[in-house]
Protein chains: 2
Amino acid sequence: MRILLVEDDRLLGDGLQVGLTQAGYAVDWLRDGEAAVMALSTESFAAVVLDLGLPKRDGLSVLQWLRGRHDATPVLILTARDQLEDKVRGLDLGADDYVLKPFDLDEITARLRALVRRAHGRPEPVLAVGEIELNPAARSVTRAGQAVELTPREFDLLHLLLENTDRVLTRRALEEQLYTWNEAVDSNALEVHIHHLRKKLGNDLIRTVRGVGYMVPAGATP
Amino acid sequence: MRILLVEDDRLLGDGLQVGLTQAGYAVDWLRDGEAAVMALSTESFAAVVLDLGLPKRDGLSVLQWLRGRHDATPVLILTARDQLEDKVRGLDLGADDYVLKPFDLDEITARLRALVRRAHGRPEPVLAVGEIELNPAARSVTRAGQAVELTPREFDLLHLLLENTDRVLTRRALEEQLYTWNEAVDSNALEVHIHHLRKKLGNDLIRTVRGVGYMVPAGATP
DNA sequence: CGTTTCTCTTAAGGTGCCCCTAAGCTGGGG
DNA sequence: CCCCAGCTTAGGGGCACCTTAAGAGAAACG
């Protein structure tokens, strides 16, 4: 599985190359947009990891050029948190997904995996417990086949719980995952979201573990 | 599930040992690279948690030596954020994963779990004595395969006892662990919990040692 | 740009469960 | 036979969690 990594920052690129290699990809690492276009015009990749701020030729320009050729190679965009506009424009131009800096390597590989899988027309793996199903790619949830509308927070929370069935997630752990590393909430927001989830999905799915946190048993809701 | 922890910082090591033990692992804690090599050459571990900055023998050197012997024991590296090069070299040398300092205990246990599972497709670590099994991650207890409902205190108490099978735990020791360093109880609360545990798990599991404390024999309840 | 809708947080009040307490009981050891 | 450590039982209080409601803020709409 061959991947093109386009990143000018030496440190970041180095880390990514190693990490992605570790994850089982063959990684070609280029430092500027010009080189990226050259590579893409002659070679074929399973996916492209594309930084936006590049020398010689901007990342968005590379993306636009790629899509102009009707090349459907999956593209994962790396963008800083304060450049949301770029992200939006990137998605408009045909990016398949984006990751905000500073990012976690696991997140990159996870999204990349999803991207490649999607590109090959293979269905996304869904997380299922009992009659509840969650589709991470579509961000959709069904209960006994019926679609259930969840807000973003609710979805993320449920996602976390379903990824860790049979494991108790402490309140701390959940909050740290939901609220990105800062501005921790000091109220019972988490409880409220849990409450909403139970209301929409039934009371049996999420078990309260007093004094610790929450858990969804793998064999819940008969 | 036996784990080798190699960490020279006393405070950090202490915290890790407690946390990992809490997570259900049997932890051997060594303070320098020399000792780690000694241990690894004679004993077998499910995984190694390895700090890089070590006395006598550097962590990377230990890792290199280990891989040189074609030992595939999973290795989780602890590294400071400003030593990315080391991390990279570590991965090159065959580390399986790394965690940046300062880290979260939950993250360590999560990665460790993934690592061990990856290494030989095994499920969660459990503490087992006779027909009693305790799963720290799920905070669940079974007796002869049947789920047993325990209250938080009961669970914590049982957890402590099972972590120290064949060792007599004094009333003092138990109370200090259960009640976080303050607000000691001056009554027989402990006895009450023991009573409840016996009621739910059978009278043979927990042995009373008159005048000292309690103990669960490793080969209890046939 | 005002209006509307939707989501998330905050806060307050309620409730059920757990845990401590205490007091009487039991049995082993001196 | 007595004493004391541990066992047993029951109840009340407190706290963790639940539930509900409403306001702030952001996104969507015209």
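A quick note: this is a predicted structure, and the numbers were derived from the prediction, not measured. Chain letters run A, B, ... following the sequence lines, proteins first, then strands; residues in each count from 1.
Taking atom CD of Glu175(A) as the reference point, atom P of dT10(C) lies 10 Å away to the nearest angstrom. For Arg153(A) and dT10(C), the CZ to P distance is 11 Å, given to the nearest whole Å. Rounded to an integer number of Å, the gap from Glu149(A) CD to dC8(C) P is 13 Å. Atom CG of Leu190(B) and atom P of dC20(C) are 9 Å apart (whole Å). In this entry the distance linking CG of Leu197(B) with C1' of dC19(C) reads 13 Å, nearest Å. Rounded to an integer number of Å, the gap from NE2 of His195(B) to P of dC19(C) is 15 Å. In this entry the distance linking CG of Asp156(B) with C1' of dC20(C) reads 16 Å, nearest Å. Going from atom CD of Glu191(B) over to atom P of dC19(C) covers 16 Å, rounded to whole Å.
In this structure a side-chain-to-backbone donor-acceptor pair under 3.5 Å is present from Trp29(B) to Glu7(B).
Residue Arg2(A) places its CZ atom among more than 12 non-hydrogen atoms of other residues, nucleotides or ligands, all under 6.0 Å distant. Atom CZ of Arg207(B) has 12 or fewer neighbouring heavy atoms from other residues, nucleotides or ligands inside a 6.0 Å radius.
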**Request:** Mind running salt bridge (Lys or Arg N to Asp or Glu O under 4.0 Å) on Arg172(B) and Glu176(B) for me, showing each step along the way?
**Result:** CA-CA 6 Å; Arg172(B) 270 284 299 285; Glu176(B) 277 176 6; 3.1 Å; yes
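For DNA chain D, the contact window with chain A, defined by any atom under 4.0 Å from a protein heavy atom, covers dC15(D) to dT20(D) in 5' to 3' order.
An OP1 or OP2 oxygen of dG16(C) is reached within less than 4.0 angstrom by no side-chain nitrogen or oxygen of Arg210(A). Side-chain N/O atoms of Thr151(A) include none lying less than 4.0 angstrom from OP1 or OP2 on dT7(C).
His159(A) and Glu163(A) share a donor-acceptor pair across their side chains, judged by distance under 3.5 Å alone.
For His196(A) and Arg171(A), each mapped to the nucleotide of DNA chain D holding its nearest heavy atom, the one lying further toward the 5' end belongs to Arg171(A).
Residue contacts for Tyr214(A): at a heavy-atom cut-off of 4.0 Å it reaches the sugar-phosphate backbone alone, with no base atom in range.
No salt bridge links Arg143(A) with Glu133(A); every basic N to acidic carboxylate O contact stays at or beyond 4.0 Å.
For the pair Arg67(A) and Trp65(A), the cation-pi criterion (under 6.0 Å, within 45° of the ring axis) is not fulfilled.
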